[in-house]
*Asks:* 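The following block contains the structure, expressed as structure tokens.
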Amino acid sequence: MTPVDQASSTGVFMVSSTEEGVALMSERPAIPGELCTCGRQALVVYVFEDEDKVREIGWCGLSNVSTLLPCRFCGSEVPHRSSWGDSEKCPDYQLVPAGERKG
């Protein structure tokens, strides 16, 4: 079970060791406009807190689904893939795309 799976099932803060130090991971419900890496509305946002930054990644709850095209983050008509062919998140991924931010 991955740390994300564990956090999803427990709904608690997790502490995981990294070579650089300790990282905290938590989750919270997504709000409207926050997106999954596939481009769909996120249901959950995973929050990763490293020593010097906080990263938030949305998840729509769907596994084994294709990424919405064109990419909501960079406009690519081709799905993002790793060098071995697995799906990857767009390098331009933002939890809330800049053009869709409110306030």
Side-chain angles (χ1 to χ4, degrees):
M1 185 177 279
T2 68
V4 171
D5 293 333
Q6 290 172 351
S8 179
S9 64
T10 61
V12 297
F13 280 93
M14 290 187 51
V15 177
S16 60
S17 295
T18 65
E19 290 184 21
E20 298 84 38
V22 174
L24 293 176
M25 186 176 89
S26 62
E27 67 179 325
R28 62 173 176 77
I31 59 174
E34 293 182 326
L35 301 178
C36 177
T37 57
C38 73
R40 292 172 176 82
Q41 172 64 44
L43 297 176
V44 175
V45 174
Y46 293 100
V47 182
F48 301 89
E49 299 180 45
D50 297 325
E51 291 178 5
D52 57 343
K53 64 181 175 182
V54 174
R55 294 178 296 127
E56 295 183 310
I57 299 177
W59 186 57
C60 66
L62 302 173
S63 299
N64 302 323
V65 295
S66 60
T67 299
L68 297 177
L69 294 176
C71 176
R72 301 258 326 248
F73 311 105
C74 73
S76 173
E77 293 286 343
V78 179
H80 298 284
R81 301 269 181 214
S82 67
S83 58
W84 52 89
D86 290 346
S87 292
E88 280 194 332
K89 73 177 177 72
C90 176
D92 296 335
Y93 170 77
Q94 295 178 3
L95 183 61
V96 180
E100 298 177 25
R101 292 200 173 140
K102 295 182 175 137

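Just so it is clear, the values below take in all heavy atoms, side chains as well, and ignore hydrogens, waters and symmetry mates.
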*Asks:* Within this structure, what is the CG-CD1 distance for the pair L35 and I57, rounded to the nearest 0.5 Å?
*Replies:* 13.0 Å
*Asks:* Any chance you could measure S26, atom OG, to E56, atom CD, to the nearest 0.5 Å?
*Replies:* 8.5 Å
*Asks:* If you compare all heavy atoms of A30 against all heavy atoms of Q41, which two are closest, and at what distance to 0.1 Å?
*Replies:*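 Of all heavy-atom pairs spanning A30 and Q41, the closest is CB-NE2, 4.3 Å.
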*Asks:* Would you say the side chain of H80 lies within less than 4.5 Å of the side chain of P91, judging by non-hydrogen atoms?
*Replies:*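 They are in contact (side-chain heavy atoms under 4.5 Å apart), so the answer is yes.
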*Asks:* So how far is it from C71 SG to E77 CD, rounded to the nearest 0.5 Å?
*Replies:* 10.0 Å
*Asks:* Excluding sequence neighbours, so at least two apart, what forms side-chain hydrogen bond (donor to acceptor under 3.5 Å, both in side chains) with S87?
*Replies:*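 For S87, the residues satisfying side-chain hydrogen bond (donor to acceptor under 3.5 Å, both in side chains) (neighbours in sequence not counted) are R81.
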*Asks:* Could you tell me which non-hydrogen atom of D92 sits nearest to which non-hydrogen atom of C74, and how far apart they are?
*Replies:*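 Here D92 and C74 meet closest at OD2-CB, 3.3 Å.
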*Asks:* Show your working on side chain to side chain contact (heavy atoms under 4.5 Å, CB included) between C90 and S76 and close with a plain yes or no.
*Replies:* CA-CA 9 Å; C90 176; S76 173; over 6 Å; no
*Asks:* For Y46 and W59, take the angle between the two ring planes, folded into 0 to 90°, and tell me which bin it lands in: parallel under 30, tilted 30 to 60, perpendicular over 60.
*Replies:*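 Y46 vs W59 ring planes: tilted.
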*Asks:* Is E49 reaching over with its side chain to a backbone N or O of M25, donor-acceptor style, under 3.5 angstrom?
*Replies:* no
*Asks:* Do E27 side-chain atoms and V47 backbone N/O form a donor-acceptor pair below 3.5 Å?
*Replies:*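 No, E27 side chain to V47 backbone: no donor-acceptor pair under 3.5 Å.
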*Asks:* Kindly compute the distance separating CZ (R72) from SG (C36), expressed to the nearest 0.5 Å.
*Replies:*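 Nearest 0.5 Å value for the CZ-SG distance: 11.0 Å.
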*Asks:* Are V54 and Y93 linked, directly or through intermediate hydrophobic residues, by side-chain heavy-atom contacts shorter than 4.5 Å (ILVMFWY only)?
*Replies:* yes
*Asks:* For L43, is there any backbone N or O sitting under 3.5 Å from a side-chain donor or acceptor partner on E34?
*Replies:* no
*Asks:* Kindly give the cluster partners of V65, where membership spreads through any ILVMFWY side chain lying under 4.5 Å from a current member.
*Replies:*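 For the cluster that includes V65, the remaining residues are L62.
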